[in-house]
There are 2 protein chains.
Amino acid sequence: MTIEDAGTAPARRTTLADVARQAGVSTALVSLVMRGAPGASPANREKVFRVARELGYVPDSRARALRQGRSQLLGVMFHVQQPFHADVIEGVYEAAEAAGYDVVLSAVTDSRSEDKAIGTLLADRCEAVILVAPQSSREWLAEVGGRLPTVVLVRHVRHPDLSVVRAADMKGLGLAVDHLVGLGHRRIVHVDGAGSPSAEQRRRGYRAAMARHGLEPRIVRGGWAEINGSQAVEQLLSEDDLPTAILAFNDPCANGVLSTLHRSGISVPEEVSVIGFDDTHLAGFSHIGLTTVRQDAGQMARMAVGRAISLIERKDDPEVHRDGVVVPDLVVRGTTGPCRQ
Amino acid sequence: MTIEDAGTAPARRTTLADVARQAGVSTALVSLVMRGAPGASPANREKVFRVARELGYVPDSRARALRQGRSQLLGVMFHVQQPFHADVIEGVYEAAEAAGYDVVLSAVTDSRSEDKAIGTLLADRCEAVILVAPQSSREWLAEVGGRLPTVVLVRHVRHPDLSVVRAADMKGLGLAVDHLVGLGHRRIVHVDGAGSPSAEQRRRGYRAAMARHGLEPRIVRGGWAEINGSQAVEQLLSEDDLPTAILAFNDPCANGVLSTLHRSGISVPEEVSVIGFDDTHLAGFSHIGLTTVRQDAGQMARMAVGRAISLIERKDDPEVHRDGVVVPDLVVRGTTGPCRQ
DNA sequence: CTTGACCCCTAGAACGTTTTAGGTTGCGTG
DNA sequence: CACGCAACCTAAAACGTTCTAGGGGTCAAG
């Protein structure tokens with residue numbers, strides 16, 4: 001009796017041994033029955049099921065994994081405030097389940113770093129991790145890749161230990177610029193993703209497309225969140241240098257752009273056209289339907305899971321070492337229109 | 001060599017025993033050092049740390065939990081497409097970490113039911129679960145509550161085995177109605193949450209407030225997602241019975257309302273005022289700032305974690321059995337204005 | 001009657017930790 | 001010199017599973 005045991009341990013849950021005792025059989029037999037493995041008589045099978053149900057027995061996944069030497073677990077690091085990541089997670093659950101793997105999520109928040117998020121996935125003995133839009137350094141990602149099969153989503157990074165799944169960002173921004181030019185726009189600004197994953201590729205795509213049309217590129221610093229879009233527009237307004245079209249880094253950023261334009265009494269798309277990137281559930285629906293470059297979250301999730309499993313099971317799939325590229329397409333909604341200047 | 005072993009098990013990770021062998025000490029000592037417990041000489045301490053680092057050793061959280069008889073794990077069930085839930089998760093991580101607990105997330109998606117989400121939390125041997133806006137039956141929730149400490153968030157349900165944390169929904173809708181009435185509105189429609197958790201309470205709050213002002217209530221069936229808000233407005237339009245103000249079940253629903261109003265050329269707030277509920281990160285920012293009833297996700301998360309831990313540690317805290325009620329407030333932004341009819 | 005094959009079942013080891021119960025030192029003291 | 005006491009260390013058990021190896025039956029074939 002020390003001071004420390006003020007906090008009592010929680011009640012013990014019922015175990016395989018409890019069921020075995022109650023049913024008058026060995027634990028091995030109960031294990032068999034619970035897994036649906038062959039080798040038990042119908043009578044015993046029925047009895048074990050009944051007792052298990054009565055006692056509310058649920059197998060301990062940790063003990064199981066420990067014994068089996070493998071967890072059948074796919075770890076997913078994601079950013080909790082990114083709607084696009086939510087779409088990816090939906091797809092990951094579906095694909096993983098189909099392949100017989102479980103999923104463990106580890107969120108990045110304002111107060112929980114990517115390091116910590118990845119650390120818990122390692123401690124949970126995931127067999128592979130899927131990192132959605134990681135912002136960590138290439139070196140740290142490579143170290144993770146060296147430890148266990150790692151698939152990086154929505155970020156350009158080239159390393160033998162990392163399998164990459166991403167959208168064709170250059171192509172995506174090309175589509176967006178083409179669309180705007182087709183509508184007569186010539187002063188097209190890119191509010192970029194600053195240091196976000198794949199921001200560099202999207203800048204490149206923007207510059208290339210502008211060059212193709214003989215137009216002058218102009219990039220304003222943005223970011224992945226709404227606030228960044230807002231601030232970028234505020235800067236443009238303060239410089240009295242508003243373009244006729246804005247190409248945002250992603251949908252949340254585009255939302256910020258729209259928000260500030262609206263507050264400033266500038267009408268969309270009459271005065272300024274706006275395009276996003278992602279086509280998330282959320283953005284697609286909001287007030288003025290956002291014209292955006294769609295990258296298929298479900299398809300990317302399926303590719304990521306497929307690669308993760310290939311790596312785990314060491315199928316020598318050469319595809320895994322090539323970037324998995326998803327082709328984006330443009331979804332035209334209400335935030336783009338003909339240039340009136 | 002059978003056909004089945006085409007899929008090889010993944011590479012073995014380095015274990016405590018590996019470190020012990022390499023450092024020439026016992027596993028017990030390595031365990032001591034890794035946990036920072038007293039009883040190791042400085043020399044050995046240093047050596048063990050070095051070897052562990054060299055081998056990239058990460059303790060196996062499952063084996064640890066298994067041995068200790070407790071997981072120190074808080075399970076959280078949430079709906080992946082609900083921005084408000086993301087806000088809650090941020091808070092849960094923070095509060096849990098402060099209290100020395102780890103968090104395991106289990107998402108509900110289109111293809112992953114609440115049953116399944118809760119099932120994995122049970123199998124993971126969480127010591128308590130926090131269910132965010134569960135839609136399951138009262139009976140099933142009670143059964144979960146009977147198995148392990150359970151905190152239900154954002155839903156009204158009365159049961160001795162369930163601890164509830166929620167906003168004062170009645171009060172919240174009262175604030176919203178008062179605000180609208182203050183602006184001169186009299187034809188105020190509530191697009192409700194249909195069968196969603198706490199939808200009933202919000203309906204009640206709406207009816208009570210309307211009655212207080214001597215106004216005729218009108219409720220249109222909605223839901224928790226954007227699509228539901230859109231459809232509700234379509235119905236109102238088709239009946240040619242548009243009110244001057246709409247009170248939506250939550251922010252996503254309000255977004256749907258705004259979306260369809262806009263597509264129909266109806267201006268907000270000039271012709272119709274709109275109010276949401278939640279005040280999520282996302283909704284707060286979008287184009288036209290949404291006037292909404294704010295429920296503090298961080299505060300609710302902290303309360304939930306506090307209650308979960310009280311229950312785990314059997315502190316006989318009578319508070320736990322009372323509903324934890326967070327007082328909402330109204331955040332006035334751009335979607336409400338004076339009634340012009 | 002023996003043999004072998006099959007079916008059903010169980011004992012016990014193993015997974016990677018933590019913890020318990022001790023076992024060695026070395027050293028200061030009587 | 002014997003004793004006691006720290007300080008440091010380790011062997012072995014335990015957690016809840018799964019899996020291996022094998023033990024008894026029963027039955028048909030030799």
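Numbers restart at 1 for each chain; the letters A, B, ... are given by sequence-line order, proteins then strands. Everything quoted here is computed from the prediction, not taken from an experiment. Only heavy atoms go into these numbers, but all of them, side chains included; no hydrogens, no water, no symmetry mates.
- Considering only side-chain N and O atoms, B:S61 lies nowhere under 4.0 angstrom from the phosphate OP1 or OP2 of C:dT17.
- Annotation: side-chain hydrogen bond (donor to acceptor under 3.5 Å, both in side chains) contacts involving residues 300-312 of chain A, sequence neighbours excluded, comprise A:S163-A:R307.
- Counting only distance, with no hydrogens or angles, the side chain of A:E114 and the backbone of A:Q135 share a donor-acceptor pair below 3.5 Å.
- Residue pairs meeting the side-chain hydrogen bond (donor to acceptor under 3.5 Å, both in side chains) criterion with at least one member in residues 35-49 of chain B, sequence neighbours excluded, are B:S31-B:R35.
- A search for side chain to side chain contact (heavy atoms under 4.5 Å, CB included) contacts involving B:L66 returns A:D60, A:A63, A:L66, not counting sequence neighbours.
- If you measure from atom CG of A:L16 to atom P of D:dT17, you get 5 Å, rounded to the nearest angstrom.
- Rounded to a whole Å, the CG atom of B:D18 is 13 Å from the C1' atom of C:dC15.
- Between the CG atom of B:L66 and the C1' atom of C:dA14 there is a distance of 12 Å, rounded to whole Å.
- Considering only residues two or more places apart in sequence or on other chains, B:A86 meets the side chain to side chain contact (heavy atoms under 4.5 Å, CB included) condition with A:V80, A:Q81.
- Looking only at distances, no side-chain donor or acceptor of A:R70 sits under 3.5 Å from a matching main-chain atom of A:E127.
- Between A:L131 and A:I118, some side-chain heavy-atom pair lies under the 4.5 Å cut-off.
- In this structure, CZ of B:R62 is placed 9 Å from P of C:dG16, rounded to the nearest angstrom.
- At distances below 3.5 Å, at least one donor-acceptor pair connects side-chain atoms of B:T150 with backbone N or O atoms of B:L148.
- Among the nucleotides C:dT17, D:dT17, C:dG16, the one closest to any side-chain atom of A:R64 is D:dT17.
- For the pair B:K47 NZ and D:dC8 C1', the computed distance is 13 Å after rounding to whole Å.
- Annotation: salt bridge (charged side-chain N to carboxylate O under 4.0 Å, His left out) contacts of A:D323 (sequence neighbours excluded): A:R158, A:R166.
- The phosphate of D:dT17 has OP1 or OP2 within less than 4.0 Å of a side-chain N or O from B:R125.
- Between the P atom of C:dG16 and the CZ atom of A:R70 lies a distance of 15 Å, rounded to the nearest Å.
- Looking at residues two or more places apart in sequence or on another chain, you find a side-chain hydrogen bond (donor to acceptor under 3.5 Å, both in side chains) between B:E319 and B:R322.
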Return the polar atom pairs (N/O with N/O) between nucleotides 23-27 of chain D and the protein under 3.5 Å, or none.
none

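- Here the OG atom belonging to B:S136 is positioned 5.5 Å from the CG atom belonging to B:L141, to the nearest 0.5 angstrom.
- End-to-end axis angle for the helix from C:dC1-D:dG30 to C:dG30-D:dC1, using five pairs per end and rounding to 10°, comes out at 70°.
- Within the structure, every pair that satisfies the ring-ring contact (aromatic ring centres under 6.0 Å, His included) test and touches residues 59-96 of chain A, not counting sequence neighbours, is listed here: A:H79-A:H85.
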Please list, pair by pair, any protein nitrogen or oxygen found under 3.5 Å from a nitrogen or oxygen in nucleotides 24-26 of chain C.
none

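- Look at CZ on B:R21: it is 10 Å from P on C:dG16, rounded to the nearest Å.
- The heavy-atom pair separating A:A52 from A:M34 by the smallest distance is CB-SD, 4.1 Å.
- Nearest nucleotide to the side chain of A:Y57, out of D:dC8, D:dT18, D:dT17: D:dT17.
- Here A:R67 does not reach the OP1 or OP2 of C:dA14: none of its side-chain N or O atoms lies under 4.0 Å away.
- DNA chain C is contacted by A:V25, A:S26, A:A28, A:L29, A:G39, A:A40 of residues 23-40 of chain A, taking any non-hydrogen atom closer than 4.0 Å.
- When rounded to the nearest whole Å, the span between CG of B:D60 and P of D:dG16 equals 16 Å.
- Residues meeting the side chain to side chain contact (heavy atoms under 4.5 Å, CB included) test with B:P149, sequence neighbours left out: B:A128, B:L311, B:I312.
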